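All heavy atoms count here, side chains included; hydrogens, waters and symmetry mates do not. Predicted, not measured: the structure shown is a model, and the values here were computed from it. Per chain, numbering begins at 1; letters A, B, ... match sequence-line order.
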Amino acid sequence: MSFLAIEHAVKQFGGLRAVDDVSFSLKRGEIVGLLGPNGSGKTTLINLISGALPASAGTITLNGQQLTGLRRDKIARCGVARTFQLVRILPSLTLIENVKIPAVFGHKAHWGAAAERVAKDALAMVGLSERATMSAGDLTYIDQKRLELARALAAEPELLLLDEWLAGLNPTELEEGIKLISELRDSGLTILMVEHIIDAVRALCPRVVVMNSGKLIADEQTDKALTDPAVVTAYLGEDVDA
Amino acid sequence: MLEVENLTVAYGKHIALDNASISVQAGQMVAILGANGAGKSSLLGAIGGRARPQSGVIRYNGQSLLDMPAHKLAEHGIALVPEGRGIFPGLSVEENLRLGAIPKRAREGATETLAEVFNLFPKLAERRGQIAGTMSGGEQQMVAIGRALMSNPEILLLDEPSLGLAPIVVKEVFSALTRIRAKGLTIVIVEQNARATLALADYVYLVEVGRITGSGPAEEIKSNPSVERAFLGGAVAPVNA
Amino acid sequence: MTKLIIPLLALVALAFAPNFVSAYGLGLLIGAATYVTLASAWALFSGHTHYVSLATVAFYGTGAYCMAVLNEALPYWAVLLCAGGIGATMAALVGLSTLRLQGVYFVIFSFGLAELVRQLITWYEVNVTGTLGRYIFLDISARDIYWQMLALGAATIALTAWIHRSRLGMALRVIGDDEAVAAHSGINLARVKLIAFVLSAVILTLAGAITSPRYVYVEPAIVFNPTVSFLTVIMALLGGANRLWGPALGAVPLFLVFEWLSTNFPDSYPIFMGLLFIGVVFLLPDGILAGIEKLRARRKVQS
Amino acid sequence: MILTTLILGLVLGSTYALLALGLTLQYGIARIMNLAYGELTLVGAFVLVAVFQQLGLSPLIAMILIAPAGYALGWFLYQGMMRPLVKRSGARGRLEVDSILATFGLLFLIQGILLMLFGANFTSISYLDRGVNVLGVSVALNRLIAFGICVVAGGALVLALAKTRWGLIMRAVALTPGSAPLVGIDVNKVARQGFALGTALAVVAGASIAMYQTFSATDGVVFTMKALVIVIMGGVGNVKGALVAGIALGLLETFVATAIDPGLTLAATFAIFLVVLLWRPQGLFGAR
Amino acid sequence: QDDTISIGYAVARTGPNATGAGITTIPNYELWVDTVNKSGGLTMPDGSRRMIEVVEYDNRSSNEDLVRTIERLASQDEVDLILPPWGTGANLAIAPLMARFGYPQLAVTAVTDKAPEFAARWDRSFWMLGGGHDYAAGLVDVLSTARDAGTINDKVAVVSVADGFGIDLISGARPAFEEAGFELVYDESYPLGTSDFAAIMSEAQGSGADSFVAFSYPPGSFGMTKTAQSMGYNPKAFYISVGGAFPIYPGIADGKAEGVMAIGGVNADSPAIQEYFARHTEFVGNPPDSWASAITYASLEMLAQAIERVGLDHEALATEISTGTFDTVIGEVKLEDNQLRDLWWVGQWQGGAFRAINPADAEGASTPIIPKPEW
Ligand SMILES: Nc1ncnc2c1ncn2[C@@H]1O[C@H](COP(=O)(O)OP(=O)(O)OP(=O)(O)O)[C@@H](O)[C@H]1O
Ligand SMILES: Nc1ncnc2c1ncn2[C@@H]1O[C@H](COP(=O)(O)OP(=O)(O)OP(=O)(O)O)[C@@H](O)[C@H]1O
Ligand SMILES: CC(C)C[C@H](N)C(=O)O
Ligand SMILES: [Mg+2]
Ligand SMILES: [Mg+2]
């Protein structure tokens with residue numbers, strides 16, 4: 001039974017079809033990589049799922065419930081959490097406040113001590129506990145990314161959408177990041193992650209979907225996809241030595 | 001050509017860069033490697049006029065850059081592609097590129113440079129009329145690099161140019177860098193994609209928590225085992241340069 | 001606990017103040033209480049969301065108009081009730097359609113709204129009722145007006161305090177920082193903004209209704225005076241719009257300084273007032289409260 | 001009848017558009033939300049009258065002198081008053097609030113000075129107010145001059161912004177000042193230019209208003225509000241938008257006054273303004 | 001304290017009312033104080049003289065500030081007398097306060113049909129500028145005479161400003177015109193703040209009416225004049241309201257004010273008025289307006305004479321103003337039911353002076369010039 005089902009999703013910007021008749025689905029607990037060249041429509045697809053943009057056509061359902069047509073906050077309360085390709089934190093709030101927001105307004109709607117606990121756990125998960133009372137605007141870029149993930153986690157989501165969350169990490173940090181995500185996967189979270197770092201995708205995702213010019217060009221096992229000629233020409237480049 | 005001596009950059013009480021010195025020879029490609037938050041962008045930003053250093057000296061062809069307002073740097077042939085790209089999202093791709101050619105040194109021959117840039121990034125030629133802000137992340141990165149090239153720089157400061165780019169584009173960017181370098185441009189690059197960078201660079205500085213902790217010719221650094229572990233460990237998107 | 005006791009004592013003291021002051025003193029008290037109420041109510045919505053509203057006088061004036069229209073037909077308390085209801089309805093209608101506007105677009109929109117209401121009332125009166133200008137001959141003393149305004153102001157601040165601790169306040173702050181994040185975190189933007197806007201509007205409308213008997217004669221050009229909107233914004237910002245006591249702390253001194261200037265320099269009052277404004281912006285950039293905090297912090301460092 | 005409405009509306013609209021041009025530059029490029037804008041136009045109007053009455057200079061020649069003087073005034077205002085605010089404000093929202101507050105003060109300051117110098121009286125001159133036949137409709141010559149100035153200034157601005165390097169720089173600063181130094185643009189200089197040019201346009205608009213309208217030292221707010229509505233309706237910083245919105249408002253007002261009820265002209269102005277914003281929250285030609 | 005009399009007023013120096021106040025109210029207050037003090041002060045019943053000391057505030061054109069300032073004058077400065085602000089709304093706003101503090105209120109610049117009611121409600125208030133229907137009736141009277149003489153047709157185009165004043169006038173004028181057999185072929189109101197009158201004037205021009213009537217404020221009166229001139233609109237009767245009697249009007253009309261009718265008027269041949277005009281011109285720098293200025297000044301003269309007769313006691317003063325007869329620049333004045341009824345309703349520019357033409361049977365009335373010479 002598919003948990004997240006995307007059926008014939010279309011997003012049109014003027015004359016440009018950024019997402020063009022895309023269909024695929026995720027099983028509960030699955031972690032899938034969403035690949036594709038720059039501008040192929042990955043972020044747009046994430047935006048469609050999370051409700052940031054209304055779909056021009058098609059339907060998206062989560063656990064049988066239709067998401068298309070719902071407001072962003074409703075979708076969030078259905079258990080969908082996301083990060084942004086360009087980080088968006090709440091600069092005037094402290095870290096703990098940042099993280100508390102989805103705990104309070106998310107689908108579990110905690111308040112008081114419970115919200116505090118969820119927020120603290122989420123911060124601990126990404127290793128920002130000591131800085132809980134710092135102002136979020138003072139964080140480095142990478143810590144802001146961490147904070148953003150913590151915020152997504154504090155929503156206690158069922159589906160996590162990551163948009164290039166690993167980008168910009170150096171190899172050591174990358175390893176840590178991969179470990180973190182794999183822990184999340186092991187905890188049973190369903191994850192759809194956009195990523196350009198192929199090693200990370202290989203390490204985390206047994207299956208990938210690949211987009212090109214808005215269309216789905218592959219939906220298969222990672223190994224197979226990465227040698228798929230269509231994917232190679234469109235995305236990886238010919239002389240990949242993998 | 002470029003001398004940085006005892007540079008300290010602080011944000012409030014927080015010292016981002018502590019007494020750092022580097023030197024770049026004309027025609028060289030210098031790489032700066034280091035963990036996140038190590039202070040690489042602060043270093044590059046100080047040279048490019050985006051960050052005000054606490055103390056230290058930056059000399060460019062014998063001239064002190066610190067007395068110069070940020071907007072004068074382009075006129076002296078210094079072009080910065082900052083973290084986050086710094087493009088004009090509300091303008092079209094072509095307008096962004098044309099803005100790159102504002103310094104007097106760039107005006108003459110701007111048409112040829114534009115052709116070169118389009119040649120380097122054919123996608124930009126295709127999308128020249130698109131509003132840059134509606135382009136994907138990778139496309140915007142191309143605009144940023146293309147715009148820097150438009151200013152006919154002597155020295156190009158690149159802050160993580162491959163961030164968020166598809167492997168195929170990363171390859172393109174690095175092969176473009178090879179070509180740019182071949183034209184004699186001096187380049188200072190900050191990158192996480194260490195392997196590809198080291199393959200290109202002449203000289204490397206290592207930065208850790210605000211201090212320069214090592215430096216040497218790229219060949220040497222590449223074979224240094226501790227560097228290998230820290231920066232090349234989980235071979236990242238390998239590239240044949 | 002002291003946090004509660006001091007304001008309560010102050011409230012009691014203020015309630016007895018009319019016994020000790022002249023008619024003019026009472027007038028000052030009324031004016032100050034009115035602006036404290038307006039600025040606090042304004043900040044209730046705008047302080048955290050950063051939606052700078054210039055629609056204050058649209059509601060304030062509507063309140064005054066309600067009083068003028070209904071004071072002969074209904075008992076006083078019923079008029080207030082009606083005014084509140086009308087303010088709420090108006091705010092809900094406006095809010096539903098406008099709260100998606102961003103930044104300066106909202107600022108000018110809200111200003112346009114005040115003008116539109118004024119023009120429509122004028123047109124209606126001229127063409128339908130055939131009169132313009134209404135009279136409020138109510139037997140309400142200045143003291144009664146003062147007490148009502150004091151109560152309304154106190155209620156506004158109490159409500160703000162409560163909101164600051166509630167989910168609503170939290171949501172408002174998030175909205176002020178980044179609406180997209182707020183929405184993706186599960187906050188119903190429209191509802192949160194609307195609730196705050198309506199609450200704020202009801203208070204503004206009531207304030208207009210309560211003070212109007214003091215002016216006897218009500219006409220759109222008089223009650224929809226845009227200066228009220230501007231003064232409200234400036235007072236709230238001067239004190240610190242996102243703090244509980246900020247608007248009050250901005251309203252009182254500014255009100256008194258204006259009064260002092262206009263009584264002592266009737267000829268050159270606008271010049272002084274202009275200089276004062278500019279001076280405040282330059283010297284107290286984040287509002288009085290932030291300025292005081294900064295000063296304290298510096299003291300602490302020194303000692 | 002339709003033709004009359006059309007011509008009168010166009011003429012009126014062009015005076016509105018002219019009034020709004022300067023503000024859209026000041027807000028668009030220098031990012032100063034200038035509430036004292038109307039007072040600046042009044043300065044232009046009063047100076048024109050003074051020069052006309054005291055020195056007997058023809059208003060058209062006076063206007064040529066007033067424009068650079070306005071530029072200088074704007075230059076100093078920006079450098080002395082706005083620049084420190086711009087300097088200390090990192091994020092955008094901050095400057096908006098600061099400039100609203102500071103220019104609200106400036107409004108009173110200028111108004112006070114005008115009241116002191118010229119008193120509260122109505123001021124008016126008669127210059128070139130004979131009617132001219134335009135397609136059978138009689139229009140005052142001074143209105144046609146205002147129309148001409150609007151067409152010339154607006155057209156030149158639109159062209160310059162779209163086609164010239166200077167225009168590209170202006171737009172770049174208007175949209176993303178943070179990135180401008182990267183390409184060698186001196187943001188401060190450009191912003192100062194924008195503000196000064198805006199002020200020059202404001203005084204020219206004021207001077208041309210002085211030729212056909214009675215005014216007094218307390219009228220500034222009226223001008224500011226009209227200009228604000230037009231600027232916002234057209235899309236902030238968008239010169240073309242300001243032109244279109246100004247002319248649209250002129251046509252609308254004239255149409256409402258003739259076909260519906262003059263009592264509803266201002267209501268219609270604000271109603272259409274609100275409708276436009278609801279339909280296009282960024283104004284008619286707003287970016288994003 | 002005893003050798004001076006303190007007189008306070010809070011008139012608009014800034015904001016929308018500043019123009020009206022700056023033309024009609026403030027100059028006359030200043031002129032009067034200057035005249036009185038130069039002559040040695042106000043005469044008290046015992047023959048002693050006391051100088052006037054002025055306490056002056058700006059009401060910022062806001063009733064909220066106005067009310068508070070009156071409270072200040074009464075309860076803090078404890079001035080002996082308070083002079084009223086400019087404007088109908090302002091006078092109404094302070095009326096209850098003046099009544100409460102017992103001051104007589106010489107409400108001059110207030111035009112309201114409810115004057116009798118107000119005079120009865122606040123018995124120390126005096127309403128001295130009539131009501132809208134008075135002026136409307138006067139105008140209809142002038143036009144009827146011309147129509148009966150066959151000079152103009154029976155069609156009238158009328159516009160009115162949408163505020164209390166304009167509405168009072170138009171609602172008085174409509175029945176009066178109808179009764180006199182006129183047809184209102186164009187009858188619209190326009191909002192306060194309108195600055196462009198091209199559309200309105202062009203409609204009026206096309207309406208076929210010989211008479212153009214505007215119940216307007218100065219910006220409108222001036223704007224309509226200029227627009228009519230530039231479009232060559234030459235109605236046989238051209239009437240505007242506030243502003244038409246201002247000294248700057250002929251300049252605004254580009255020297256072609258001859259025949260323009262407006263609200264108010266003075267007996268331009270009266271030596272007292274001529275002397276007043278001269279004094280005003282010398283002191284202020286320009287002549288007074290020919291409507292409410294003289295009445296404002298007259299109200300102050302009444303005050304001075306009343307003080308001379310009964311002293312400063314507010315009650316006695318009010319009674320004296322209400323019942324006494326006074327000699328002023330507008331002639332002998334006696335109030336009826338606390339109102340000044342002996343007013344000029346319509347005036348006209350004739351030979352460079354604004355002369356009263358209605359009521360036609362009153363002493364000093366000039367003969368109307370209709371049709372108005374072309375611009
Ligand atoms: N709001 C918009 N208006 C117009 N075009 C848009 C808009 N948003 C995205 N696009 C276009 O849609 C296409 C897909 O963009 P999207 O951001 O989804 O790409 P992406 O796959 O996430 O790329 P990247 O890997 O570089 O982030 C791009 O060509 C982009 O220019
Ligand atoms: N604007 C700023 N305000 C405050 N602190 C800052 C600011 N910019 C950077 N810092 C701090 O300075 C330090 C160095 O930052 P810098 O951006 O130079 O690092 P970096 O090596 O480029 O890291 P990254 O790989 O994340 O880009 C960090 O600890 C960061 O917190
Ligand atoms: C003297 C009058 C013109 C005053 C005017 N009636 C007003 O409402 O203010
Ligand atoms: Mg993307
Ligand atoms: Mg960096």
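Heavy-atom neighbours of E/Glu315 CD from other residues, nucleotides or ligands within 6.0 Å: at or below the threshold of 12. Within a 6.0 Å radius of CD in E/Glu183, other residues, nucleotides and ligands contribute more than 12 heavy atoms. Other residues, nucleotides and ligands place more than 12 heavy atoms under 6.0 Å from the CG atom of E/Asp34. Counting non-hydrogen atoms of neighbouring residues, nucleotides and ligands closer than 6.0 angstrom, the CG atom of C/Asn19 exceeds 12 such neighbours.
Ring centroids of E/Phe118 and C/Tyr135 are separated by less than 6.0 Å, placing the two rings close together. Outside the 6.0 Å centre-distance limit, the rings of E/Tyr57 and C/Trp260 are not counted as a close aromatic pair.
Only the side chain of C/Ala221 comes within contact range of chain E, with at least one heavy atom under 4.5 Å from a heavy atom of that chain. Residue contact with chain C, scored on non-hydrogen atoms closer than 4.5 Å, involves the side chain of E/Thr112 exclusively. Both the backbone and the side chain of C/Leu28 come within less than 4.5 Å of a heavy atom in chain E. Contacts between C/Thr131 and chain E at a heavy-atom distance below 4.5 Å involve the backbone alone (N, CA, C, O). In this structure, chain E has a heavy atom under 4.5 Å from the side chain of C/Tyr269, while its backbone stays farther away. With a 4.5 angstrom heavy-atom cutoff, C/Glu125 does not touch chain E via any of its atoms. Of the two parts of C/Ser262, the backbone and the side chain both hold a non-hydrogen atom closer than 4.5 Å to a non-hydrogen atom of chain E.
When each of C/Val223, C/Ile222, C/Asn225, C/Val218 is paired with E/Asn63, the side chain to side chain contact (heavy atoms under 4.5 Å, CB included) condition holds for C/Ile222 and for no other.
Residues E/Glu71 and C/Leu26 fail the side-chain proximity criterion, which asks for heavy atoms closer than 4.5 Å.
For the set C/Asn264, C/Thr263, C/Thr34, the entry with the most heavy-atom pairs within less than 4.5 Å of chain E is C/Thr263. For the set E/Ser75, E/Pro16, E/Ser189, the entry with the most heavy-atom pairs within less than 4.5 Å of chain C is E/Ser75. Counting heavy-atom pairs closer than 4.5 Å to chain E, the top-ranked of the candidates C/Trp123, C/Phe258, C/Phe137 is C/Phe137. Note on E/Arg13, E/Arg100, E/Arg60: by heavy-atom pairs under 4.5 Å with chain C, the leading option is E/Arg60. The most heavy-atom pairs under 4.5 Å with chain C, out of E/Glu56, E/Gln76, E/Glu64, come from E/Glu64.
Closest approach of C/Gly130 to E/Ile167, counting heavy atoms only: O-CG2, 3.5 Å. Closest approach of E/Pro96 and C/Val216 over heavy atoms only: CG-CG2, 3.0 Å. Across every non-hydrogen atom of C/Tyr24 and E/Arg68, the tightest pair is CD1-O, 3.4 Å. Across all their heavy atoms, E/Leu192 and C/Gln119 have their closest contact at O-NE2, 4.4 Å.
Atoms OH and CG, on C/Tyr215 and E/Leu92 in that order, are 15.0 Å from each other to the nearest 0.5 Å.
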